[in-house]
Amino acid sequence: MVTMAATNRIQTYEEFAKVHALLLAASGLPESLHRRLFQKLFAECFDGGNHFQIELCEEGRQRLLSLTSESMEKHSDVFLVDHAWTFRLTDAYKQLREVPGLAERMGALMSVDIDLNSEGEDDGASSDTRGSVTEVLESEVRAAKEKSDGKLRWLELEGLDINDEALLSLELPTRFPDLVALSLLGNKLNRVETIVQEVSKFKQLKGLWLNNNPVLKKCDNELVDALLKELPELEIYNSTFTRNFGEWALGFCAGIYEKDNPGNVDQASAPLQSVSTLDLSDRNIHNLINKAFTPNCLPSLSYLNIRGNPLEQNSIVDLLDILRTFPSLCSLEVDIPGPLGGSAIEILESLPNISQLNGISAAKICETGKHVIDSVLRPRLPEWTADEPLADRIVNAMWQYLMTYRLADEEKLDETSVWYVMDELGSALRHSDEPNFRVAPFLFMPDGTLASAVSYSILWPTQNLKKGDECTRDFLLGIGEDKQRSARLTAWFHTPENYFIQEYEKHNQKLQSRSLTLPKMQPSETRSIRHNDGHALRVYTDIPHMEENLTHPDFVLTKEPNDADIIWTSEQVDEEMKKATGIKDHQYINQFPFEACLVMKHHLAETIQKAHGSPQWLQPTYNLETHLSQLIGDYNVRKRKGLNNLWILKPWNMARTIDTTVTDNLPSIIRLMETGPKICQKYIEEPALFQGKKFDLRYIVLVRSMNPLEIFLSDCFWVRIANNQYSLDRSSFFEYETHFTVMNYRGRINFKNIKEFVGEFEEEHQVKWSDIHTRVRSMIRSVFESAAAVHPEMHSPKSRAIYGVDVMLDRYFQPKILEVTYCPDCTRACKYDMEIVVGDGGVAKGCDFFNNVFRCLFLNEISQVSPL
């Protein structure tokens, strides 16, 4: 560390530059702005308000930042941005509830307090601003008489609490027989028969809206079928096209037909001749080939949007053929993949007149070679229910605003990431693929030490701007398609669901077709490695419990690795370590080559999937570094089907549940990738519980050989129980002691004697543990069979090892594999005697645990272990 002046604080720019050299380089801030940054940090100058203003957008549900200065040149200035909220995920709810004013500030910053702020403004006034049904009808009739021939053709009776009896009493068909469009949206209509009886009397009806009526929740399909049978002229139902759509529906979408111009039987011929722009998105169109959708009716059509329509009754060839007939059509928006196929480039090749596809120029698409493209994506705005607590709204919405970093000191990297929300100015910066600003976190150390550090973000222009320009940043700076950029944008935007669902379905189909030939159970072939002269086998270990408890006379400890017959270490034995310690190839080591295929979570899932596809004992699992698109597709399928969407994210290679998160929030899943490589696994939302608490089981597997497969299961296993009652309340997802069971490193350890646990569990659930144990044994065997079949390179005649296998039971008492651990912590095995509840029973002495392990692995003697 640089020596400071007597005051121990940075005083000069030179001191600042030396102390912060690495941070300045990492931030990407141009060197020309380093001195300017120092000046603002030293003076605590937050002058962004002199140059920018925050504006509401997206109907008040989002904010943007615009430039108020006359102009700003690239790299001309740097601005300090404060951090409004800094926290670790486990503390999020606690802080929102306990820190005064925090929830209110975050709610306003994230625009999730809109309805809360408007409460009480009506002062008891009636919420019905439209008046009674009678008043509305009188008003509509007067308007019709003033504007046309006095015939009412468009009638809106919305949100007036009209029920079935009221609808009959209004006698609308008798009073208004010429209706072309009728909206009864947001009323209290319940019976199909009543609605059909009345509405079917409007023989000229083209558009009908019944959204948000109770009848739709019970029998929407029955209602629409009955209406179409009675109303062959109906073209639009609840904003979607019916199979009878034609000129009126197209004119409605083109803005020709509306309340002031409803259209009628005497309407002018060829009303669509001048239509150049036609938005048919999300109209539930099944068949686009229609007598009204032709170049003769729409000769001027230059822009067409057909997103969000199934169009499954048309082939790709037929759709391309009809689109090619429109002479002026040059701009097209369509789902990709979708009704025109899965490749933007192939669509452009088939439609040479298209110069713009999904808002992107055809030339740029061909230049970049991108097959899936989109125009400006719709922002993913926060959603909530009226009774949802403010803290829950914030936790749900915060992933659109969070940024993250980890603190490092001289000893190690902090194990838990720090998340933060920039202040109102910084949080108003929206995303752009071509941004004009850049943001970076910066730790200012006024005393030259990490202990004195204050976190800021720094903001500077990367393009020339003029007054009124929106200020933007790249939310995924430095992340390209090789790191799944388009998929990761789903955290902030509504990306094409069909694409991701298609990717998921291809992935799932591949898993279902997997089936490798697995090794058969064979008798033990591995021989004892006892010395012929009777000398004890020399063992080197760095594990204290083994040093204390390996007392069998056939083994003796040595302090020198190169003098040992057996190396039993917690360290990774690689070529570098072998050279440093003098380990030779003839020595036995407690590691198998490429055992990462078992002990690293992403490799474990991949190994099982290659062997078994998608067995019931492995929850759906995705490596987010390679299969994010497939995960998003799975999430979307479950959402559409109304299935549970709770997931757990686990780092590839961290133990003790470090950086492990439970969530049902898709943006959070994607954003959590930023704290390191992870798998995303379907959460077991309905586990078997013990007295209302979640638990898992730790088994010890002994591996003598991978080819042939010789594995054994220790009769000793342990239960680990969560401290809190199990809950699926969203606020509980951040409670470590509710959803996690490993309490050795934090929380209260909840030890339970295994015999007591099994007895009480059998009584609580009326099951036999022996049946559960049989299923667990079969599953563990399958896991190691997978590794032996998929990775034959694991076999080594000089390897022997033990692994910890963590298992959870679901509500049906079926086992699920959680993870496999290298060199598992066997403290409990050595420290406590245990009554054995499987096999032949008996008592397992803690002092004999490693003696029994070594007898099995090296002497071929079986005691308190059983072959799998």
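If you're wondering where the values come from, they're calculated on a predicted model, not measured in any experiment. Throughout, residue positions are numbered sequentially from 1 according to the sequence presented.
Salt-bridge formation is not detected for the pair Asp279/Arg307: no Lys NZ or Arg NE/NH1/NH2 atom is positioned less than 4.0 Å from an Asp or Glu carboxylate oxygen. The pair Glu625-Lys678 does not count as a salt bridge, with every side-chain nitrogen at least 4.0 angstrom from each carboxylate oxygen. Between Glu55 and Arg63, none of the side-chain N atoms (NZ, or NE/NH1/NH2) sits under 4.0 Å from a carboxylate O, so this pair counts as no salt bridge. With respect to Lys466 and Asp469, a salt bridge is recorded, a charged nitrogen being found less than 4.0 Å from a carboxylate O. A salt bridge links Asp474 and Arg485; the closest N-O separation between the charged side-chain nitrogens and carboxylate oxygens is under 4.0 Å. Between Glu674 and Arg671, at least one side-chain nitrogen of the basic residue sits less than 4.0 Å from a carboxylate oxygen of the acidic one, meeting the salt-bridge criterion. Between Arg730 and Glu388 there is a salt bridge, since at least one side-chain N of the basic residue sits less than 4.0 Å from a carboxylate O of the acidic one. Asp47 has a carboxylate O that lies under 4.0 Å from a charged side-chain N of Lys40, or vice versa, which qualifies the two as a salt bridge.
A heavy-atom distance below 4.5 Å is not found between the side chains of Thr661 and Ile648. The closest side-chain heavy-atom distance from Leu96 to Val395 is below 4.5 Å. For the pair Pro687 and Asp810, the minimum side-chain heavy-atom distance is 4.5 Å or more.
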Test log, rule side chain to side chain contact (heavy atoms under 4.5 Å, CB included), inputs Arg438 and Leu477: CA-CA 9 Å; Arg438 183 168 168 182; Leu477 184 67; 3.2 Å; yes
Going through the checks in order, is the side chain to side chain contact (heavy atoms under 4.5 Å, CB included) test met by Val215 and Leu210? CA-CA 9 Å; Val215 66; Leu210 296 171; 5.7 Å; no
Run the side-chain hydrogen bond (donor to acceptor under 3.5 Å, both in side chains) check on Gln484 and Ser629 step by step: do they pass? CA-CA 8 Å; Gln484 308 176 101; Ser629 292; 5.0 Å; no
For side-chain hydrogen bond (donor to acceptor under 3.5 Å, both in side chains), just list the numbers for Glu737 and Asn723, CA-CA rounded to whole Å, side-chain angles, deciding distance to a tenth of an Å, and then say yes or no. CA-CA 5 Å; Glu737 295 185 44; Asn723 287 333; 2.7 Å; yes
Give the intermediate values and the outcome of salt bridge (charged side-chain N to carboxylate O under 4.0 Å, His left out) for residues Arg720 and Asp806. CA-CA 10 Å; Arg720 302 180 296 194; Asp806 294 339; 3.0 Å; yes
Between Asp161 and Asn187, is a side-chain hydrogen bond (donor to acceptor under 3.5 Å, both in side chains) present by the stated rule, with each step listed? CA-CA 5 Å; Asp161 293 337; Asn187 285 294; over 6 Å; no
Ring pair (Phe, Tyr, Trp, His ring centres under 6.0 Å) between Tyr504 and Tyr635, intermediate numbers included: CA-CA 9 Å; Tyr504 158 70; Tyr635 185 98; over 10 Å; no
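Not one N or O on the side chain of Ser732 forms a donor-acceptor pair closer than 3.5 Å with the backbone of Glu735. Looking only at distances, no side-chain donor or acceptor of Ser183 sits under 3.5 Å from a matching main-chain atom of Glu156. Listed for the Asn213 side chain is no donor-acceptor partner under 3.5 Å among the backbone atoms of Leu185. Remark: the backbone N or O of Thr490 is paired with a side-chain donor or acceptor of Arg380 at under 3.5 angstrom. The main-chain N or O of Gly426 is found under 3.5 Å from a side-chain atom of Asp423 such that the two form a donor-acceptor pair.
Heavy atoms of other residues, nucleotides or ligands lying less than 6.0 angstrom from CD of Gln725 number more than 12. For Glu434, the CD atom is loosely surrounded, since the number of other residues' heavy atoms within 6.0 Å does not exceed 12.
Partners of Phe79 by ring-ring contact (aromatic ring centres under 6.0 Å, His included), not counting sequence neighbours, listed by chain and number: His51, Phe52. Among residues two or more places apart in sequence or in another chain, the ring-ring contact (aromatic ring centres under 6.0 Å, His included) test is passed with His602 by Trp652.
Using the six-membered ring where Trp is involved, Phe475 and His431 have ring planes that are tilted, between 30° and 60° apart.
If you check the side chains of Trp647 and Thr663, you find no donor sitting under 3.5 Å from an acceptor. Side chains of Ser731 and Asp729: a donor-acceptor N/O pair is absent below 3.5 angstrom, by distance only. Counting only N and O atoms by type, the side chains of Lys650 and Gln681 include a donor and acceptor under 3.5 Å apart.
Each of Trp85, Phe442, Tyr405, Tyr456 was scored for a ring pair (Phe, Tyr, Trp, His ring centres under 6.0 Å) with Tyr420, with one residue passing: Tyr405.
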